[in-house]
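Residue numbers count from 1 along this sequence.
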Amino acid sequence: MKSVLGDRKAITLLLTPALLVYTLIILVPVFWSFGLTFFTGSVLTGFEFTGLKNFQRLFSDPYVADAFWFTVKYAILMTLLQVVLGYGLALLYQYVLRRSSVLVRTFVFFPVVLPTVAIAILYQKLFQSAPSDGLVNELLVNVGLQSVDWLGAGTTAFVVIVIMDVWRSVGFYGVLIFSGLLDIPDDIIESARIDGAKSFKLFRHIILPMSLPILFASFIFSINGTIKVFDSVFALTGGGPGNSTTPLTLYMYRTAFQYSDFGYGSTIALLLTIMCLVVTLLIFRSSRRDNTV
């Protein structure tokens, strides 16, 4: 093994196929998309060079502003819920249920593998208000409250989207963080308990600090995934009512593929890329700062 790793020709031979695939699938489309930001048009109508007009349009487009703030609001709320609830589930699996957590983990993780469209149809039926009330409205009426048109207003539609996406994703973060908790040595926990550490002090001074690496990784997974939310919103509300639940990804899709403006769609995609990079760098910077304190 050492002789192979010390041979530059062998290293080049082993890495070249992977680098070629990565270049063709990742790097070439990224640079191609960036180049399209200086053009307008599509493959069918042809492209016309417009310089920086797409960027000027980006900063003056009210639909981009609405989609941007929806994306930010959704990403912040979903990241907090996914990581916090996932951490709670992981603590339950590791320190309460222990070996009997296998069945619970399976049931909680099950929504992760379900098709997004199927889940969206399920939640449309649960929260529907016409032609007949769904299960949620039936429960509200039974306790003396009025039924709500959940998907008919932007605020309530946002609530339904968050509930649906938390339900279908929290099982993944529970298992992800649970795998990080498994790396905490049992000897340290037992020593702390022998020294008289109660549950809260044990969590605050040992479990939480030692689980920070997996929590930071979970934050990065979550924030980058929620910024790029598309399928759940598209399947549940289609971005409506109006444009009240339209994220940047859905606006980019409509611009490029429905309105055939690949240049402006690529400009919106560049904004999404910058958002993901900035957020990831901020998380890494805060992580490094915590490690140096």
If Ile, Leu, Val, Met, Phe, Trp and Tyr residues are connected whenever their side-chain heavy atoms lie under 4.5 Å apart, and connections chain through other members, are [X] and [Y] in the same group?
X: V162; Y: I121; answer: no
X: V113; Y: Y123; answer: yes
X: L80; Y: L212; answer: yes
X: F127; Y: V117; answer: no
X: L208; Y: I188; answer: yes

Side chains of [X] and [Y]: does their closest heavy-atom pair fall under 4.5 Å?
X: Y95; Y: F203; answer: no
X: I189; Y: I207; answer: yes
X: F68; Y: V72; answer: yes
X: I119; Y: W167; answer: yes
X: S211; Y: Y87; answer: yes
X: S147; Y: E138; answer: no
X: T246; Y: R254; answer: yes
X: K53; Y: T40; answer: no

(request) Taking the six-membered ring of Y93 (Phe, Tyr or Trp), confirm whether the NZ or CZ of R98 is under 6.0 Å from its centre and within 45° of its axis. (result) no
(request) Would you tell me whether Y251 and D66 have side-chain atoms, one donor and one acceptor, within less than 3.5 Å of each other? (result) no
(request) Please state whether the rings of F221 and F172 are parallel, tilted or perpendicular, taking 30° and 60° as the class boundaries. (result)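 Rings of F221 and F172: perpendicular, as their planes differ by over 60°.
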(request) Quick one: sort the F38 and F55 rings into parallel, tilted or perpendicular, breaks at 30° and 60°. (result) tilted
(request) Please identify each residue that fulfils side-chain hydrogen bond (donor to acceptor under 3.5 Å, both in side chains) with R105, with sequence neighbours left out. (result)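 Applying side-chain hydrogen bond (donor to acceptor under 3.5 Å, both in side chains) to R105 gives S101.
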Heavy-atom pair with the smallest gap, counting every atom of [X] and [Y]:
X: A192; Y: I206; value: CB-CD1, 3.2 Å
X: I177; Y: G86; value: CD1-C, 3.8 Å
X: A157; Y: G240; value: CB-O, 4.4 Å
X: A256; Y: F262; value: O-CE1, 2.9 Å
X: F219; Y: V83; value: CE1-CG1, 3.8 Å
X: G265; Y: M252; value: O-CG, 3.3 Å

Tell me whether [X] contacts the main-chain N or O of [Y] through its side chain, where contact means a donor paired with an acceptor under 3.5 Å.
X: N54; Y: T37; value: yes
X: S222; Y: S218; value: no
X: Q82; Y: L77; value: no
X: S100; Y: L97; value: yes
X: T226; Y: T79; value: no
X: T245; Y: G239; value: yes
X: S33; Y: P29; value: no
X: T71; Y: L248; value: yes
X: T273; Y: A269; value: yes

Atom [atom1] of [X]: over 12 foreign heavy atoms under 6.0 Å:
X: N142; atom1: CG; result: yes
X: F230; atom1: CZ; result: yes
X: Q258; atom1: CD; result: yes
X: K125; atom1: NZ; result: no

(request) Could you tell me whether Y259 and Y264 have their ring centroids closer than 6.0 angstrom? (result)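 Ring-ring flag for Y259/Y264: false, centres at least 6.0 Å apart.
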(request) Please report the C-alpha distance between F158 and F70 in whole Å, then the side-chain angles of each, then the deciding distance to 0.1 Å, and finally whether the ring pair (Phe, Tyr, Trp, His ring centres under 6.0 Å) criterion is met. (result) CA-CA 9 Å; F158 176 77; F70 175 85; 5.7 Å; yes
(message) Whether R57 and D261 form a salt bridge (side-chain N of Lys/Arg under 4.0 Å from carboxylate O of Asp/Glu) is what I want to check.
(response) yes
(message) Between R168 and D231, does any side-chain N to carboxylate O distance fall below 4.0 Å?
(response) yes
Can you list, pair by pair, the side-chain donor-acceptor contacts under 3.5 Å of residues 128-137, counting residues two or more places apart and other chains?
from : atom 1 : to   : atom 2 : distance (Å)
Q128 : NE2    : S132 : O      : 3.2
S129 : OG     : D149 : OD1    : 3.0
N137 : OD1    : V148 : N      : 2.9
N137 : OD1    : W150 : NE1    : 3.1
N137 : ND2    : Q128 : O      : 3.1
N137 : ND2    : V148 : O      : 3.0

